[in-house]
Amino acid sequence: MVSPDPTINQTDALRVSVLSEALPYIQRFSGRRVVVKYGGAAMVQEELRDAVYRDLVLLSSVGVQPVIVHGGGPEINEWLARLNIAPEFRGGLRVTTPETMDVVEMVLVGRVNKHIVNGLHKVGGRAVGLCGSDGSLVTARTYGEGCNGLVGEVAAVDPSVLGPLLDAGYIPVISSVAADREGQAHNINADTVAGELAAALQAEKLILLTDTAGILRNRSDPGSLIRQLTLAGARELIATGVVEGGMTPKTQCCIRALAQGVAAAHIVDGRVPHALLLEVFTDAGIGTMVVGSPQLLES
Ligand SMILES: Nc1ncnc2c1ncn2[C@@H]1O[C@H](COP(=O)(O)OP(=O)(O)O)[C@@H](O)[C@H]1O
Ligand SMILES: CC(=O)N[C@@H](CCC(=O)OP(=O)(O)O)C(=O)O
């Protein structure tokens with residue numbers, strides 16, 4: 001709409017108009033919890049990193065309650081290399097010896113977590129860094145038969161430590177290291193922790209930032225993006241091998257979160273600037289949306 005007042009700058013008018021159009025989304029999501037798995041290019045590239053921090057602080061400023069679970073696989077690899085330890089993965093999970101566990105804990109709980117907290121503060125946010133052990137947020141148990149060493153899976157989630165932080169306007173930043181009932185630290189896949197946390201918080205949305213446009217029907221064709229999926233459809237993509245490698249734990253954690261009551265899970269392209277805002281503040285959203293019931297699919 002062109003303003004009848006020529007003294008009003010067109011850029012200002014556009015900014016205010018865009019802001020006004022966001023009102024229904026702000027009203028819909030204000031006071032709701034949105035769990036964001038932060039990883040991939042959005043974490044590695046500096047300009048994308050700052051855009052994500054700004055998006056998270058903006059969401060928090062308008063009353064949405066973001067909860068961040070972060071990855072850090074590439075940074076763990078970098079520090080293992082400095083110690084001449086070769087990274088080894090089985091079924092997409094890092095084989096975690098006690099020595100590797102020390103590095104995982106130092107890198108994720110220390111360096112990566114605090115970089116994110118500081119990055120959020122730099123753009124005016126208020127963040128608190130935690131790992132799964134803090135407040136017994138996550139209790140781990142050894143994954144499978146223990147053949148991957150100290151890799152953990154989620155045995156229990158107690159989100160009570162997060163309520164007061166969220167109510168006070170803090171953004172919790174959580175790393176995926178948690179102790180088992182004997183106090184032994186375990187290394188858990190960050191997507192898995194994000195999914196279980198979204199379920200325990202009964203989050204409005206689970207958003208997984210990654211390095212592809214979403215789930216592709218044909219991995220070599222970026223045009224084959226699947227925009228919407230039901231739980232059954234997601235299970236079928238895993239069973240038929242359309243989804244494989246790193247996309248498998250992502251799709252599985254969406255399935256688990258939805259089966260436990262989260263309304264929608266989204267796998268979105270973290271290489272796109274402001275991917276989070278595009279997801280929350282537009283009808284079309286971006287990436288792949290997985291929903292629990294076919295009635296929730298948009299036509
Ligand atoms: N059907 C699929 N659609 C898109 N990516 C897929 C698919 N199947 C497997 N992948 C792989 O999964 C990867 C994403 O997982 P991962 O590398 O673990 O992400 P992140 O580092 O963000 O956690 C993609 O880069 C791609 O190589
Ligand atoms: C068991 C296991 O594999 N844990 C992961 C934890 C970090 C993670 O998940 O980081 P990304 O999201 O960046 O991959 C690891 O050690 O790399």
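Just so you know, ligand 1 is whichever comes first in the structure, and atom 1 is the first atom listed for that ligand. Worth knowing before you read on, the calculation uses all heavy atoms, side chains too, and leaves out hydrogens, waters and symmetry mates.
With rounding to the nearest 0.5 angstrom, the CZ atom of R54 is 7.0 Å from the NE2 atom of H274. The CD1 atom of I171 sits 8.0 Å away from the NE2 atom of H121 when rounded to the nearest 0.5 Å. Rounding to the nearest 0.5 angstrom, the gap separating the NE2 atom in H115 from the NE2 atom in H70 is 11.5 Å.
Taking a 6.0 Å sphere around CZ of R33, one finds it holds more than 12 heavy atoms contributed by other residues, nucleotides or ligands. R126 CZ: more than 12 foreign heavy atoms inside a 6.0 Å radius. Within a 6.0 Å radius of CZ in R181, other residues, nucleotides and ligands contribute 12 heavy atoms or fewer. Within a 6.0 Å radius of CZ in R32, no more than 12 heavy atoms belonging to other residues, nucleotides or ligands are found. When the shell of 6.0 Å around CD of Q202 is examined, it contains more than 12 heavy atoms from other residues, nucleotides or ligands.
Closest to atom 17 (O) of ligand 2, if we only count protein heavy atoms, is R94 NH2, 3.0 Å. Looking only at heavy atoms of the protein, atom 5 (C) of ligand 2 is closest to N187 OD1, 3.7 Å. Looking only at protein heavy atoms, the nearest one to atom 7 (C) of ligand 2 is L108 CD1, 4.0 Å.
Counting heavy atoms closer than 4.0 Å to ligand 2, residue I76 contributes side-chain atoms (C-beta onward) but none from N, CA, C or O. Counting heavy atoms closer than 4.0 Å to ligand 2, residue K37 contributes side-chain atoms (C-beta onward) but none from N, CA, C or O.
Proximity to G71 (heavy-atom distance under 4.0 Å) selects the following atoms of ligand 2: 8 (C), 10 (O), 11 (P), 12 (O), 13 (O). Under a 4.0 Å criterion applied to the non-hydrogen atoms of G73, ligand 2 contributes the atoms 10 (O), 11 (P), 13 (O), 17 (O). Listed by number with element, the atoms of ligand 2 under 4.0 Å from a non-hydrogen atom of I188 are 4 (N), 6 (C). Near G72, meaning under 4.0 Å from one of its heavy atoms, ligand 2 places the atoms 10 (O), 11 (P), 13 (O).
Checking only distances, V104 never comes within under 3.5 Å of ligand 2, N or O to N or O. Considering both main-chain and side-chain atoms, S176 never comes within under 3.5 Å of ligand 2 through any nitrogen or oxygen pair.
Distances from ligand 2 to the non-hydrogen atoms of A190 include at least one value under 4.0 Å.
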Exercise. Passes side chain to side chain donor-acceptor pair (under 3.5 Å), S17 versus S20? Steps please.
Worked result: CA-CA 5 Å; S17 148; S20 171; over 6 Å; no
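Residues L130 and L165 meet the side-chain proximity criterion, which asks for heavy atoms closer than 4.5 Å. You'll find the side chain of L80 reaches within 4.5 Å of the side chain of R94, heavy atoms only.
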Can you give me a line-by-line list of nitrogen or oxygen pairs between ligand 1 and the protein shorter than 3.5 Å?
| unit_1 | atom_1 | unit_2 | atom_2 | d |
| --- | --- | --- | --- | --- |
| ligand 1 | 1 (N) | L216 | O | 2.9 |
| ligand 1 | 1 (N) | V242 | O | 2.8 |
| ligand 1 | 3 (N) | L216 | N | 2.9 |
| ligand 1 | 8 (N) | E244 | N | 3.2 |
| ligand 1 | 8 (N) | E244 | O | 3.4 |
| ligand 1 | 12 (O) | M247 | N | 3.3 |
| ligand 1 | 19 (O) | T210 | OG1 | 3.3 |
| ligand 1 | 22 (O) | T210 | OG1 | 2.8 |
| ligand 1 | 23 (O) | K250 | NZ | 2.6 |
| ligand 1 | 27 (O) | R219 | NH2 | 3.1 |

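Here the side chain of S176 pairs no donor or acceptor atom with the backbone of N189 at under 3.5 angstrom.
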